[in-house]
2 protein chains.
Amino acid sequence: MPARLAQPLDRLDELCCSPLTDAPLSPTEAAVLAPVLAALGDPVRLRLLSLVAARGEICSCHLEKPLGKSQPTISHHTRVLAEAGLIVGERRGKWMWWTVVPDRLALLRRLLGGA
Amino acid sequence: MPARLAQPLDRLDELCCSPLTDAPLSPTEAAVLAPVLAALGDPVRLRLLSLVAARGEICSCHLEKPLGKSQPTISHHTRVLAEAGLIVGERRGKWMWWTVVPDRLALLRRLLGGA
DNA sequence: TAGTCTCATCGACAGCCATCAATGTGCAGG
DNA sequence: CCTGCACATTGATGGCTGTCGATGAGACTA
């Protein structure tokens with residue numbers, strides 16, 4: 001099983017092209033979107049994502065200290081964000097480099113009623 | 001204790017005026033913002049919010065059937081969304097009417113890097 | 001090949017959460 | 001008052017989640 005995942009969320013881009021404020025969400029749309037927002041519903045993951053976004057790309061080993069969490073915990077949170085499609089990881093030698101997926105953030109902005 | 005709450009989140013509007021993609025979030029900002037996003041991280045609450053937004057305002061008794069949940073569960077979810085500051089409730093006679101708070105959605109859009 | 005470094009996974013634990021039946025609270029009409 | 005209705009709260013339960021120590025899987029170096 002590879003480190004790159006995010007399987008059941010691939011249909012997310014096709015779903016939900018209209019803002020949440022326009023029409024009621026279907027159960028299917030909600031079931032796909034909720035995990036993405038739930039991934040952002042943790043303070044450690046929010047800070048982690050902002051670190052990745054601010055640095056452009058960042059190695060896992062540079063997250064442990066600023067977040068004040070153990071290595072397994074960091075690995076857990078990067079996995080959750082990756083499964084939500086919010087970040088992607090690329091292996092370079094011994095290091096794992098993470099980058100944000102701007103499209104996913106834009107999709108959430110659209111969901112929240114952006115023009 | 002009144003039905004209107006959202007106490008610890010009142011400082012939210014002062015905090016976090018810059019997008020998540022610009023600079024790393026402080027632990028305090030993350031601790032305030034994460035519960036708001038966590039409130040959206042549930043499919044039932046996402047659909048509930050979209051129902052409120054689409055109708056403009058809606059009574060609690062009109063949420064039970066379309067969401068397919070029991071009355072206590074609906075009450076629980078409206079409470080969570082209200083504590084997150086995403087909706088507000090107003091009592092009219094026997095009924096409770098809910099409305100969205102557009103500022104909170106706009107704040108989240110800004111957080112997600114919107115222009 | 002052995003050693004070391006980075007990261008992923010496993011196992012376990014504590015705490016939180018969604019759900020609903022039962023009950024309580026407040027409002028309106030008779 | 002008393003009854004009925006809308007909603008809130010309580011208590012219980014099953015499942016999920018954040019956390020970390022221990023261990024495993026790759027990757028580089030000597």
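Nucleotide D:dT17 holds its C1' atom 13 Å from the CD atom of A:E83, rounded to whole Å. Going from atom CD of B:E64 over to atom P of C:dA21 covers 10 Å, rounded to whole Å. In this structure, the CZ atom of A:R45 is 8 Å from the C1' atom of D:dG18, given to the nearest Å. Rounded to whole Å, the distance from CG on B:L37 to P on D:dT17 is 16 Å. Separating the CG atom of A:L81 from the C1' atom of C:dC7 is a distance of 16 Å, rounded to the nearest angstrom. In this structure, A:D42 atom CG and C:dC16 atom P are separated by 13 Å, rounded to whole Å. For the pair B:M96 CE and D:dT9 C1', the interatomic distance rounds to 14 Å; values are reported in whole Å. Between A:L48 atom CG and C:dC7 atom P there is a gap of 12 Å when expressed in whole angstrom units.
Membership of an apolar cluster is not assigned to A:V80, as no side-chain contact below 4.5 Å to another ILVMFWY residue is traced.
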Evaluation steps, side chain to side chain contact (heavy atoms under 4.5 Å, CB included), between A:L20 and A:L33 = CA-CA 11 Å; A:L20 172 148; A:L33 287 165; over 6 Å; no

Stepwise, does the side chain to side chain contact (heavy atoms under 4.5 Å, CB included) test hold for B:L67 with B:I74?
-> CA-CA 8 Å; B:L67 293 177; B:I74 298 296; 3.6 Å; yes

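Judged as a side-chain hydrogen bond (donor to acceptor under 3.5 Å, both in side chains), and not counting sequence neighbours, the contacts of A:S60 are A:W98. With sequence neighbours excluded, the residues that form a side-chain hydrogen bond (donor to acceptor under 3.5 Å, both in side chains) with B:T73 are B:S70. Applying the side chain to side chain contact (heavy atoms under 4.5 Å, CB included) test to A:S75 and every residue at least two apart in sequence or in another chain returns A:Q71. Not counting sequence neighbours, the partners of A:C61 by the side chain to side chain contact (heavy atoms under 4.5 Å, CB included) test are A:C59, A:W95. A search for salt bridge (Lys or Arg N to Asp or Glu O under 4.0 Å) contacts involving B:E57 returns B:R92, not counting sequence neighbours.
A heavy atom lying under 4.0 Å from DNA chain D marks the following residues of residues 53-63 of chain B, by number: B:C59, B:S60, B:C61.
Closest heavy-atom contact between B:L40 and A:L37: O-CD1, 3.7 Å.
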Mind listing the N/O atom pairs, protein and nucleotides 11-16 of chain D, below 3.5 Å?
none

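For the OP1/OP2 pair of C:dT19 and a distance below 4.0 Å, the side-chain nitrogens and oxygens of B:H77 include at least one atom meeting the criterion.
In this structure, B:H76 reaches the bases: a heavy-atom distance under 4.0 Å links it to at least one base atom across the strands shown.
For the pair B:W97 and A:G41, nearest-nucleotide mapping onto DNA chain D gives the more 5' position to B:W97. Both A:V44 and A:R92 sit near DNA chain D, but only A:V44 has its closest nucleotide nearer the 5' end.
Listed by first and then second residue, the salt bridge (Lys or Arg N to Asp or Glu O under 4.0 Å) pairs involving residues 58-75 of chain B amount to none (not counting sequence neighbours).
Counting heavy atoms from C-beta on, the side chains of B:L108 and B:V36 come closer than 4.5 Å.
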5' to 3', nucleotides 20-27 of chain D under a 4.0 Å protein heavy-atom cut-off (B base, S sugar-phosphate only, - none) gives BBB----S

Just distance, no hydrogens or angles: give the donor-acceptor pairs under 3.5 Å from side chains in residues 41-55 of chain B, sequence neighbours left out.
from, atom 1, to, atom 2, distance (Å)
B:D42, OD1, B:V44, N, 2.9
B:D42, OD1, B:R45, N, 3.2
B:R45, NE, B:A39, O, 2.6
B:R45, NH1, B:H77, ND1, 3.1
B:R47, NH2, B:P66, O, 3.0
B:S50, OG, A:L25, N, 3.0
B:S50, OG, B:R47, O, 2.7

